[in-house]
Amino acid sequence: MARSKEIAPGVGRLSRSQVFAKRALYKGPKKVVKPAAEAPAEYTEKSINGEKNGGKRLVPTTKAPRFYPAEDVRQPKKSRKSPKPPSLRTSITPGTILILLAGRYRGKRVVFLKQLTSGLLLVTGPFKINGVPLRRVNQAYVIATSTKVDVSLLKVDEKFNDSYFVKPAAKSAAQQRRSSSKMASPRPRSPFLLRKPPTRKRSTTPSSLPSRRQKTSRNISKPAGVFPRANSLINWHSKCLVDV
């Protein structure tokens, strides 16, 4: 009995692939015996001219390399690519108010200070206003607003770099015993910048304006049906920071 009945002369009910699947020949063992390849001879006999050369010599088929490493260790290929930090967006300048989109402090407004060597942004709340300490943020997870704070008088210390935020490696039990015997001093807490605004005649920092200070300490909530990077959301949040 044929597996695929003909619905017309020369036209089967099942396609070629369907017949192959029904026969299930792919499940059976495939016995393919390849002919054994003849191993090449190690030496080849060559005739040498000259009366004192013996007439014939055995020459190796594959010539051995002239130089070889002392140990057969594969060396990794050196990469010529050097990592480059991403370029800073034009809308983000020192003093720009940013809205965090992810992380522990998502929804908070922060002040941008500078870009680190790794490309991350150094931001602060300040901590005294909304509880956001000095931290690093990826610029892909922030929204830049049109509101800016004058930070020209603020000098960011050079010690606030990427190595400053690296956590110390976990110590072993033996190292902990040694450190406890030597009474190692604990790691100093990182100071928070912008706790007090720089003293001058006229200041536009959030701590000097009560209305802006209250709005900066307020969390950002996304309305339903609006994406984080939608222009309507940015305009809606920018209205909250308009000077009174």
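The side-chain heavy atoms of Y164 and L122, taken from C-beta on, include no pair separated by under 4.5 Å. A heavy-atom distance below 4.5 Å is found between the side chains of L121 and L88. For the pair L100 and I143, the minimum side-chain heavy-atom distance is 4.5 Å or more. A heavy-atom distance below 4.5 Å is found between the side chains of R89 and V142. L101 places none of its side-chain heavy atoms less than 4.5 Å from the side chain of R106. Between L134 and L113 the shortest side-chain heavy-atom distance falls below 4.5 Å. Within the 4.5 Å cutoff, the side chain of V110 has no heavy atoms near those of the T124 side chain. Using a 4.5 Å heavy-atom threshold, the side chains of Q139 and P86 count as touching.
When all heavy atoms of I99 and T145 are compared, the pair lying nearest together is CD1-CG2, 3.8 Å. In terms of heavy-atom proximity, F127 sits nearest to P133 at CD1-N, 4.1 Å. Of all heavy-atom pairs between V123 and F112, the closest is CG1-CA, 4.0 Å. A pairwise comparison of heavy atoms in Y105 and R135 identifies CE1-NH1, 3.4 Å as the closest pair. Scanning all heavy atoms of the two residues, the minimum distance from A144 to S91 falls at CB-OG, 3.6 Å. For F160 against L116, the heavy-atom pair with the smallest separation is O-CD2, 3.5 Å.
In this structure, I7 belongs to a hydrophobic cluster whose other members, linked by side-chain heavy atoms under 4.5 Å apart, are V11. Under a 4.5 Å side-chain heavy-atom criterion applied to ILVMFWY residues, the cluster that includes I48 comprises that residue alone.
S17 meets the side chain to side chain donor-acceptor pair (under 3.5 Å) test with S15; sequence neighbours excluded. Among residues two or more places apart in sequence or in another chain, the side chain to side chain donor-acceptor pair (under 3.5 Å) test is passed with S118 by D162. For R57, there are no salt bridge (Lys or Arg N to Asp or Glu O under 4.0 Å) partners at least two apart in sequence or on another chain.
From I92, atom CD1 reaches atom NZ of K148 across 10.5 Å, with rounding to the nearest 0.5 Å.
At most 12 non-hydrogen atoms from other residues, nucleotides or ligands lie less than 6.0 angstrom from CD of E42.
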Exercise for the section: Determine, stepwise, if the pair N161 / E158 fulfils side chain to side chain contact (heavy atoms under 4.5 Å, CB included). Expected result: CA-CA 7 Å; N161 48 23; E158 294 295 333; over 6 Å; no
Exercise for the section: Decide side chain to side chain contact (heavy atoms under 4.5 Å, CB included) for V137 and L120; before the verdict, give the C-alpha distance in whole Å, the side-chain angles of both, and the deciding distance to 0.1 Å. Expected result: CA-CA 6 Å; V137 182; L120 300 177; over 6 Å; no
Practice task
Applying side chain to side chain contact (heavy atoms under 4.5 Å, CB included), run through L58 and T44 and close with a yes or a no.
Solution key: CA-CA 5 Å; L58 293 177; T44 307; over 6 Å; no
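The salt bridge (charged side-chain N to carboxylate O under 4.0 Å, His left out) pairs that include a residue from residues 8-24 number zero, where partners must be two or more places apart or lie in different chains.
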